[in-house]
Colleague: 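Submitted below is the structure of interest, expressed as C-alpha cells.
In the text below, chain A, chain B and the rest are named by the order of the sequence lines, each starting its count at 1.
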Amino acid sequence: MPELPEVEQVKKTLAPHVVGKTIKVVDVRLPRLIQYPSAEIFAQRLVDQKIESIERKGKYLRLNFGQNLYLLVHLRMTGALLAVNKAEEEPAYAKIKFELTGDEDLWFTDIRTFGTLYLIDNEDKSIEGYASLGPEPLSNELTIDYLEPICKKKSAAIKGVILDQKVIAGLGNIYADEALFLAGILPQRPANLLSKEEIVKLIKAINHVIAQGIKNHGTTFRNYQDADGNKGDNVKYLFVYGRKGEKCKVCGQELCGLKVAGRSSTYCAKCQR
DNA sequence: CTTCGTTCCTGGAAGC
DNA sequence: TGCTTCCAGGAACGAA
C-alpha cells in the first residue's frame, strides 16, 4: 500500500518521464475514480495542458500545470502511475490513459480501484482530505510541542492517532506498526496515557522508519510499484508488519496480532509496553 | 466534539 | 482438486 515513502518514490521516478510533456488525450475507462469534477470535464480540461512539475504532500501526488490548475492523485491501496513506451502493450489493470507528447504515455492502473483523482483550480480548500493534512514526518513541524497536546486530548489508541492524516500526513499501516515497535509502544495504548518521553521516542521512530523507507525506495509487500514498474526494497527491513507469528528480530519472542483502530496490527509484547 | 463501525473493491490465501 | 469464504486497508461517512 503506498504510504509516504512509496508515493515519494513514485514522484521521483515519474518526474523524469512526464515533466515538460503535454497531455494530448485522456481516456478515462473507469469514471468513478474521478472524484472532481465529472470525468468528462476532467478529460476535456487536461487536453493541451503541460506538466510543469510534480509534488507530493502526504500520500497525495500533485501534478502542476501552471495557471493554478492541479491534478491530485491518491493511489489508496493498489493505484499506480506508470510511464509506458507507446510501442509497448498497455499495462494490466489500466484505468486511465494520459496520452503525452513524446515516446511515452502515462497510465493510471489500479487492481482494487480505490484510487482517486481530482482536477482542481488553485491549491483549493475544496478537497477536504487534502486541505486538512497535518505536518509531515521529517519536517520541523512534527515536534513534541505539536504532538503531545494532541495525544493528551485523545483516549483512542495511539496507533489510530498516528494513522490520522490530519494529525500526521503520510503514515499508513506498515510504517505505523514499525514506528510503534521502534518506539517500544503497544499500538493499543490510549494516546493520553503516553508519557512525554514516549511521545518523543515515537516522533524519532516515525522519522526513522519514513527516512529508511524512502532510502530503500519504498516497501513492496503486495502490489506497490514505482513509475518504472520497479518494486521497493524496504520489506526486508521490517520488524513487525506482516510478521505475525514469526519471531521478534530483537528478542526472539513470537509476534502478536490484534485489530487496533480497525487495522490489523502486529507487535512484540515483550519489546513494546 | 470524539470514537467506532461500515463501506468501497479485487486477488490471493486459507479452509472445507 | 476445486469451490467458497475470508482478508488485506485509506479514508469518507454515518451513528452513537
Colleague: Looking at residues 145-161 of chain A, who's got a heavy atom less than 4.0 Å off DNA chain B?
Modeller: A:K154, A:S155, A:A156
Colleague: Can you tell whether the side chains of A:E8 and A:K11 come within less than 4.0 Å, N to carboxylate O?
Modeller: yes
Colleague: Before we go on, tell me: are the rings of A:Y60 and A:Y130 under 6.0 Å apart, centre to centre?
Modeller: yes
Colleague: Across the strands shown, which category fits A:T116 at heavy-atom distances under 4.0 angstrom: base, sugar-phosphate, nothing?
Modeller: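 Nothing, no nucleic acid heavy atom in range.
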Colleague: Partners of A:F114 by ring-ring contact (aromatic ring centres under 6.0 Å, His included), sequence neighbours excluded?
Modeller: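 Result, ring-ring contact (aromatic ring centres under 6.0 Å, His included) vs A:F114: none returned.
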Colleague: Could you tell me whether A:K259 contacts a base, only the sugar-phosphate backbone, or nothing, with contacts defined as non-hydrogen atoms closer than 4.0 Å?
Modeller: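 Counting heavy atoms under 4.0 Å across all strands, the contact made by A:K259 is with sugar-phosphate only.
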Colleague: Identify the two heavy atoms, one from A:I174 and one from A:L238, that lie closest to each other, and give their separation to 0.1 Å.
Modeller: CG2-CD2, 4.0 Å
Colleague: Please write out each protein N/O paired with an N/O of nucleotides 6-15 of chain B under 3.5 Å, distance rounded to 0.1 Å.
Modeller:
from, atom 1, to, atom 2, distance (Å)
B:dC9, O2, A:R112, NE, 3.0

Colleague: Would you list the pairs meeting ring-ring contact (aromatic ring centres under 6.0 Å, His included) in which at least one residue belongs to residues 134-190 of chain A, sequence neighbours left out?
Modeller: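 Applying ring-ring contact (aromatic ring centres under 6.0 Å, His included) to every pair that reaches into residues 134-190 of chain A, excluding sequence neighbours, yields A:F181-A:F239.
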Colleague: With sequence neighbours left out, write down each residue that passes salt bridge (Lys or Arg N to Asp or Glu O under 4.0 Å) with A:K204, or none if nothing qualifies.
Modeller: none
Colleague: Ignoring hydrogens, what is the shortest heavy-atom contact between A:E104 and A:A83? Give both atom names and the distance.
Modeller: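 Looks like OE1-CB, 4.3 Å.
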Colleague: Of all residues at least two apart in sequence or in a different chain, which pass the salt bridge (Lys or Arg N to Asp or Glu O under 4.0 Å) check with A:D48?
Modeller: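 Counting only residues at least two positions away or on another chain, A:D48 forms a salt bridge (Lys or Arg N to Asp or Glu O under 4.0 Å) with A:K24.
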Colleague: Does A:Y241 have any ring-ring contact (aromatic ring centres under 6.0 Å, His included) partners at least two apart in sequence or in another chain, and if so, which?
Modeller: A:F221
Colleague: Could you tell me the boundaries of the chain A footprint on DNA chain C, defined by atoms under 4.0 Å from its heavy atoms?
Modeller: C:dA8 to C:dA12
Colleague: Given that A:H74 and A:R222 both sit by DNA chain C, which one's nearest nucleotide is further toward the 5' end?
Modeller: A:R222
Colleague: Side-chain donor-acceptor pair under 3.5 Å between A:N223 and A:T78, yes or no?
Modeller: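 Not at all, the side chains of A:N223 and A:T78 share no donor-acceptor pair under 3.5 Å.
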Colleague: Taking only residues two or more places apart in sequence or in another chain, which ones pass salt bridge (Lys or Arg N to Asp or Glu O under 4.0 Å) with A:D228?
Modeller: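 Checked A:D228 against salt bridge (Lys or Arg N to Asp or Glu O under 4.0 Å); zero matches.
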Colleague: Per the side-chain hydrogen bond (donor to acceptor under 3.5 Å, both in side chains) rule, what does the pair list look like for residues 247-271 of chain A, sequence neighbours excluded?
Modeller: A:K159-A:S265
Colleague: Through direct or indirect side-chain contacts below 4.5 angstrom among Ile, Leu, Val, Met, Phe, Trp and Tyr, which residues connect to A:L193?
Modeller: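 Its cluster partners, ordered by chain and number, are none at all.
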Colleague: For DNA chain B, what is the dot-bracket line, given that a base pair needs Watson-Crick (N1 to N3, plus N6-O4 or O6-N4) or G-U wobble (N1-O2 and O6-N3) geometry with both distances under 3.5 Å, and | means paired with another strand?
Modeller: .|||||||||||||||
Colleague: Base, sugar-phosphate, or nothing for A:M77, non-hydrogen atoms under 4.0 angstrom?
Modeller: base
